[in-house]
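For this chain, numbers begin at 1 and follow the sequence in order. Keep in mind that the numbers below use all heavy atoms, side chains included, and drop hydrogens, waters and symmetry copies. One-based numbering, in listed order, for ligands and for the atoms of each. Values in this document were obtained by computation on a predicted structure and should not be read as measured data.
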Amino acid sequence: MPSPDSLRSAIRDVVDFPKPGIIFKDITPILSDAGLFRDSITLLCDTAGGQKIDKVVGIDARGFIFAAAVADRLGAGFVPVRKKGKLPWETRQMSYSLEYGESVVEIHRDAVAPGETVLLIDDLLATGGTAAAALALLDQLGANVVGVAFLLELGFLNGREKLGGHKIESILVFD
Ligand SMILES: O=P(O)(O)OC[C@H]1O[C@H](OP(=O)(O)OP(=O)(O)O)[C@H](O)[C@@H]1O
Ligand SMILES: Nc1ncnc2[nH]cnc12
């Protein structure tokens with residue numbers, strides 16, 4: 001199994017982006033390196049623990065990059081949770097707040113069938129608002145969420161506390 005250490009050292013801290021006071025974790029150096037990107041997908045796939053996953057759900061937009069690759073690797077379908085106004089079919093909506101603003105996410109109302117096993121993936125857990133909104137949508141659809149996985153977690157923001165009793169795994173935690 002790859003070591004997360006090389007992923008950690010590739011991440012760039014960008015100060016005061018997108019707002020003063022925020023230290024933004026830039027993951028693009030992982031994406032642009034073939035080996036690091038592959039390792040990040042391997043580590044995220046491992047969080048499924050060999051369970052059969054029907055749908056990997058990814059969150060707009062950085063979450064899509066990882067979730068789609070994980071879905072392909074696990075032989076699962078991919079489902080997008082998108083920012084408001086981007087999905088063409090009938091949706092369920094949820095508003096939320098995040099580290100630097102507020103937003104609304106949507107999912108197609110038939111994207112996951114009741115009882116289907118779901119792995120929810122996003123690039124980063126900060127305050128937990130985004131993932132909590134995605135989990136609320138999946139709950140409305142009757143999904144069986146068997147895992148929630150992040151590449152990065154900003155542990156000092158205690159986002160996990162918003163994610164109820166779910167099994168949460170982060171590849172890298174920043175304290
Ligand atoms: O835990 P939270 O405080 O909710 O923050 C985490 C969310 O913030 C970022 O998304 P962003 O909305 O910036 O969108 P992007 O992926 O399109 O850059 C990140 O990709 C997570 O989805
Ligand atoms: N500090 C941060 N860096 C990168 N993405 C984020 N999403 C929310 N907070 C973030």
Side-chain angles (χ1 to χ4, degrees), residues 4 6-33 36-37 40-41 43-45 47 55-71 78-88 91-108 111-112 118-141 143 145 147-175:
S6 50
L7 300 177
R8 185 182 290 272
S9 50
I11 289 162
R12 265 191 310 225
D13 281 357
V14 182
V15 178
D16 293 337
F17 179 89
K19 284 186 172 174
I22 302 287
I23 299 175
F24 192 89
K25 298 288 182 189
D26 178 15
I27 54 152
T28 60
I30 293 176
L31 304 178
S32 60
D33 182 297
L36 294 181
F37 185 45
S40 68
I41 300 306
L43 289 160
L44 287 167
C45 284
T47 69
K55 303 276 167 63
V56 176
V57 174
I59 304 179
D60 196 349
R62 280 172 271 155
F64 292 169
I65 300 164
F66 297 98
V70 168
F78 168 75
V79 169
V81 166
R82 294 216 66 178
K83 305 262 168 64
K84 187 180 173 173
K86 300 287 186 181
L87 286 172
T91 64
R92 299 281 178 262
Q93 295 188 354
M94 193 63 56
S95 57
Y96 65 101
S97 57
L98 74 168
E99 207 186 355
Y100 37 70
E102 294 196 353
S103 194
V104 176
V105 279
E106 297 184 318
I107 193 168
H108 277 155
V112 179
V118 164
L119 176 63
L120 175 66
I121 291 198
D122 203 358
D123 68 317
L124 185 141
L125 174 64
T127 65
T130 308
L135 285 168
L137 290 173
L138 289 166
D139 192 47
Q140 283 185 24
L141 300 192
V145 179
V148 184
F150 303 92
L151 189 64
L152 273 71
E153 176 175 348
L154 306 184
F156 54 90
L157 292 174
N158 301 316
R160 277 175 183 255
E161 291 172 4
K162 288 209 183 93
L163 307 186
H166 290 283
K167 175 179 167 284
I168 301 155
E169 276 196 62
S170 301
I171 307 305
L172 297 169
V173 179
F174 291 84
D175 289 313

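Of all protein heavy atoms, the one lying nearest to atom 10 (C) of ligand 2 is E99 OE1, 3.2 Å. The protein atom (non-hydrogen) at minimum distance from atom 8 (O) of ligand 1 is L98 CD1, 3.5 Å. Scanning all protein heavy atoms for the shortest distance to atom 19 (C) of ligand 1 gives D123 OD1, 3.3 Å. For atom 7 (N) of ligand 2, the closest non-hydrogen atom of the protein is Y100 OH, 3.1 Å. Looking at atom 3 (N) of ligand 2, its nearest protein heavy atom turns out to be K25 N, 2.9 Å. Here the heavy atom of the protein found nearest to atom 13 (O) of ligand 1 is Y100 OH, 2.5 Å.
Annotation for ligand 2: atoms under 4.0 Å from non-hydrogen atoms of A126 are 8 (C), 9 (N). Atom numbering of ligand 1 starts at 1 in the shown order; those under 4.0 Å from a heavy atom of E99 are 3 (O). Numbered from 1 in the order shown, with element, the atoms of ligand 1 that lie under 4.0 Å from a heavy atom of L124 read 6 (C), 21 (C). Interface of L124 with ligand 2, defined as ligand atoms under 4.0 Å from a residue heavy atom, comprises 3 (N), 4 (C), 5 (N), 6 (C), 7 (N), 8 (C), 9 (N), 10 (C). The A61 neighbourhood of ligand 1 comprises atoms 15 (P), 16 (O), 17 (O), with distances under 4.0 Å to a heavy atom of that residue. Ligand-side atoms of ligand 1 in range of T130: 2 (P), 4 (O), 5 (O), 6 (C), 7 (C), 22 (O), range being under 4.0 angstrom from any heavy atom. Every atom of ligand 1 is numbered from 1 in the order shown, and the set under 4.0 Å from a heavy atom of K83 is 11 (P), 12 (O), 14 (O), 15 (P), 17 (O). Distances below 4.0 Å separate heavy atoms of D122 from the following atoms of ligand 1: 20 (O), 21 (C), 22 (O). Heavy-atom proximity to R62, at under 4.0 Å, picks out these atoms of ligand 2: 4 (C), 5 (N). Of all atoms in ligand 2, listed by their number and element, those nearer than 4.0 Å to a heavy atom of L154 are 1 (N). Taking a cut-off of under 4.0 Å to the non-hydrogen atoms of T127, the atoms of ligand 1 that pass are 1 (O), 2 (P), 3 (O), 4 (O).
Of all non-hydrogen atoms in L163 and A132, the two that sit nearest each other are CD2-N, 3.5 Å. When all heavy atoms of A67 and G58 are compared, the pair lying nearest together is CB-CA, 3.4 Å. When all heavy atoms are compared, the tightest approach of H108 to L141 is O-CD1, 3.7 Å. When every heavy atom of F66 is checked against every heavy atom of S40, the shortest pair comes out as CE2-OG, 3.6 Å.
In terms of polar-atom proximity, R62 is counted as a contact of ligand 1, with an N or O under 3.5 Å from an N or O of the ligand. Considering backbone and side-chain N/O atoms, A126 comes within less than 3.5 Å of an N/O atom of ligand 1.
With a 4.5 Å cut-off on side-chain heavy atoms, I107 and L138 count as touching. Residues V57 and V81 are in side-chain contact: their nearest non-hydrogen atoms beyond the backbone lie under 4.5 Å apart.
In this structure, M94 CE and T130 OG1 are separated by 13.0 Å, a value rounded to the nearest 0.5 Å. How far CZ of R12 is from CD1 of I30: 11.0 Å, rounded to the nearest 0.5 Å.
Judged purely by atom type and a 3.5 angstrom limit, N158 has no side-chain atom pairing as donor or acceptor with the backbone of E161. For the pair K162 (side chain) and T127 (backbone), a donor-acceptor distance under 3.5 Å is present.
Taking a 6.0 Å sphere around NZ of K84, one finds it holds 12 or fewer heavy atoms contributed by other residues, nucleotides or ligands.
G128 counts as a contact of ligand 1, since one of its heavy atoms falls under 4.0 Å from the ligand. Ligand 2 has at least one atom lying under 4.0 Å from a heavy atom of I23.
In this model, a donor atom of one side chain and an acceptor atom of the other lie less than 3.5 Å apart for S170 and E153.
F174 is linked by a ring pair (Phe, Tyr, Trp, His ring centres under 6.0 Å) to nothing, counting only residues two or more places apart in sequence or in another chain.
At a heavy-atom cutoff of 4.0 Å, ligand 1 is contacted by no atom of L157, backbone or side chain.
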